[in-house]
Number of protein chains: 2
Amino acid sequence: MQTEVRELLKKSRLSITDSRQRILDLFLRTEGALSHADIEKRIADGIDRVTIYRTLQVFEEKGIIHTIPSADNSIKYALCKEDCAEGHHHDNHVHFVCDSCSKTICLDHVHVPDIKLPKGFYPRESNMVVSGVCSECL
Amino acid sequence: MQTEVRELLKKSRLSITDSRQRILDLFLRTEGALSHADIEKRIADGIDRVTIYRTLQVFEEKGIIHTIPSADNSIKYALCKEDCAEGHHHDNHVHFVCDSCSKTICLDHVHVPDIKLPKGFYPRESNMVVSGVCSECL
DNA sequence: GTAACTGCAAAATATTTGCATCCTT
DNA sequence: AAGGATGCAAATATTTTGCAGTTAC
């Protein structure tokens with residue numbers, strides 16, 4: 001397994017276990033976001049389902065991955081870029097879900113625009129998900 | 001039960017049943033969005049859980065309500081305004097989730113801005129959820 | 001009367017928790 | 001050695017499906 005994976009875990013002060021390495025490695029090798037089910041499917045020789053739940057939770061708390069909201073009861077997770085820190089996400093980019101291949105992609109360079117809210121509303125965090133057709137499915 | 005409820009159902013060519021009237025009435029009386037669980041809790045003398053699932057599904061198909069994506073595996077539903085039609089939602093407004101009272105509110109007058117996507121990406125629909133503090137929780 | 005809707009039971013899924021064991025540091 | 005992580009079993013919770021009885025039109 002790559003050194004990169006171990007470095008990432010070390011940076012987050014997480015012990016370097018086999019499951020964590022394999023799950024994080026999968027994220028690094030995957031373009032686009034992964035759901036719990038995706039991970040279960042794609043890690044051949046099984047990590048326990050419960051361990052996946054716990055790993056995703058820890059990774060999210062540590063700012064290694066962030067969640068992408070969805071309207072179909074299936075949260076997806078994607079790697080955070082450098083500017084995420086423990087307990088403090090800055091996944092301030094637009095997410096794209098392809099209607100055709102149903103991949104979910106972080107458009108890291110497309111920022112969520114600031115919104116003028118009505119009087120009395122104070123924003124903390126914005127999330128934007130655009131669906132349509134991705135560049136590979138034209 | 002109000003005439004408004006029956007009119008709405010009639011307009012969508014749905015038969016006017018007790019469950020549908022009560023669920024739709026709840027939406028009309030509620031500010032903000034409702035999850036399946038909310039509905040179950042707030043309709044005192046129980047409608048079957050399964051009926052609630054099926055009713056929400058039909059309402060969504062008919063353009064009476066729309067879903068609001070979330071990052072916690074709990075879809076919320078909110079009434080559509082006039083411009084939603086069968087199989088064709090235009091809930092093109094920003095949704096606000098209050099961190100304090102955790103209400104989800106449709107900001108009907110705040111439109112989701114158009115986004116400039118990278119080459120090759122074609123948008124069909126955008127969703128935006130802003131969280132923070134709402135005007136009642138200041 | 002007929003098609004559509006509902007409730008119940010049950011199946012299928014998904015998520016959480018407790019605990020004994022194993023692994024990392 | 002000690003604390004944390006994992007797997008397993010089991011408890012909960014959520015969603016889906018089939019079907020028989022009921023209701024709207």
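Quick caveat, the model's predicted, so the values are computed rather than measured.
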Worksheet item: When you match B:His36 and B:Leu14 each to their closest nucleotide on DNA chain D, which lands nearer the 5' end?
Response: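 The residue mapped nearer the 5' terminus is B:His36.
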Discussion item. If the cut-off is 4.0 Å, is A:Thr17 near the phosphate of C:dC23, judged by side-chain N/O to OP1 or OP2?
Written reply: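 Checking A:Thr17 against C:dC23: no side-chain N or O falls below 4.0 Å of OP1 or OP2.
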Worksheet item: Taking only side-chain nitrogens and oxygens of B:Ser19, does any of them come within less than 4.0 Å of OP1 or OP2 of C:dT6?
Response: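 Checking C:dT6 against B:Ser19, a side-chain N or O does come within under 4.0 Å of OP1 or OP2.
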Worksheet item: Which pairs, with at least one residue in residues 6-28 of chain B and sequence neighbours excluded, count as a ring-ring contact (aromatic ring centres under 6.0 Å, His included)?
Response: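 Counting only pairs at least two positions apart or across chains, no ring-ring contact (aromatic ring centres under 6.0 Å, His included) contact touches residues 6-28 of chain B.
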Item to complete: May I have all residue pairs that pass ring-ring contact (aromatic ring centres under 6.0 Å, His included) and include part of residues 107-138 of chain B, sequence neighbours excluded?
Response: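 Passing the test, one end in residues 107-138 of chain B: A:Phe96-B:Phe121.
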Item to complete: Give the cluster check for B:Met128 versus B:Val133: same hydrophobic cluster or not, with ILVMFWY residues linked at side-chain heavy-atom distances below 4.5 Å.
Response: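 Shared cluster, no.
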Worksheet item: Do A:Ile16 and A:Phe59 share a hydrophobic cluster, counting only Ile, Leu, Val, Met, Phe, Trp and Tyr and linking them when any side-chain heavy atoms are less than 4.5 Å apart?
Response: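 Per the 4.5 Å side-chain linkage, A:Ile16 and A:Phe59 are co-clustered.
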Between the side chain of [X] and the main-chain N/O of [Y], is any donor-acceptor distance below 3.5 Å?
X: A:Asp38; Y: A:Ser35; value: yes
X: A:Thr30; Y: A:Leu26; value: yes
X: A:Thr51; Y: A:Ile47; value: no

Discussion item. Students should find this one: the first and last nucleotides of DNA chain D, 5' to 3', lying under 4.0 Å from a heavy atom of chain B. What are they?
Written reply: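 So the contact region on DNA chain D extends D:dT14 to D:dC25.
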Worksheet item: Is a side-chain donor-acceptor pair under 3.5 Å present for A:Ser15 with A:Arg20?
Response: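 Judged by distance alone, the side chains do pair up.
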Rounded distance in Å - [atom1] ([X]) to [atom2] ([N]):
X: A:Leu9; N: C:dC23; atom1: CG; atom2: P; result: 18 Å
X: B:Arg20; N: C:dG7; atom1: CZ; atom2: P; result: 11 Å
X: B:Leu56; N: C:dT6; atom1: CG; atom2: C1'; result: 15 Å
X: B:Arg22; N: C:dT6; atom1: CZ; atom2: P; result: 11 Å

Practice prompt. Return the angle between end axes of the helix from C:dG1-D:dC25 to C:dT25-D:dA1, with five pairs used per end and rounding to 10°.
Written response: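 Inter-axis angle at the ends, rounded: 40°.
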Worksheet item: To which residues is B:Val50 joined in a hydrophobic cluster, defined by side-chain heavy-atom contacts under 4.5 Å among Ile, Leu, Val, Met, Phe, Trp and Tyr, whether direct or through other members?
Response: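 Members other than B:Val50 - counting any ILVMFWY side chain reachable under 4.5 Å - there are none.
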Discussion item. Counting the benzene-type ring for Trp, do B:His36 and B:Tyr53 have ring centres under 6.0 Å apart?
Written reply: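 Yes.
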Fill in: DNA chain D-proximal residues of residues 46-54 of chain A, any heavy atom under 4.0 Å
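Listed by number, they are A:Ile47, A:Asp48, A:Val50, A:Thr51, A:Arg54.
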Fill in: Closest-nucleotide ordering on DNA chain C, the 5'-leading residue of B:Ser15 and B:Asn73
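Nearer the 5' end of the strand: B:Ser15.
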Practice prompt. Tell me, with the steps shown, if A:Ile68 and A:Ile75 meet side chain to side chain contact (heavy atoms under 4.5 Å, CB included).
Written response: CA-CA 6 Å; A:Ile68 302 170; A:Ile75 302 177; over 6 Å; no
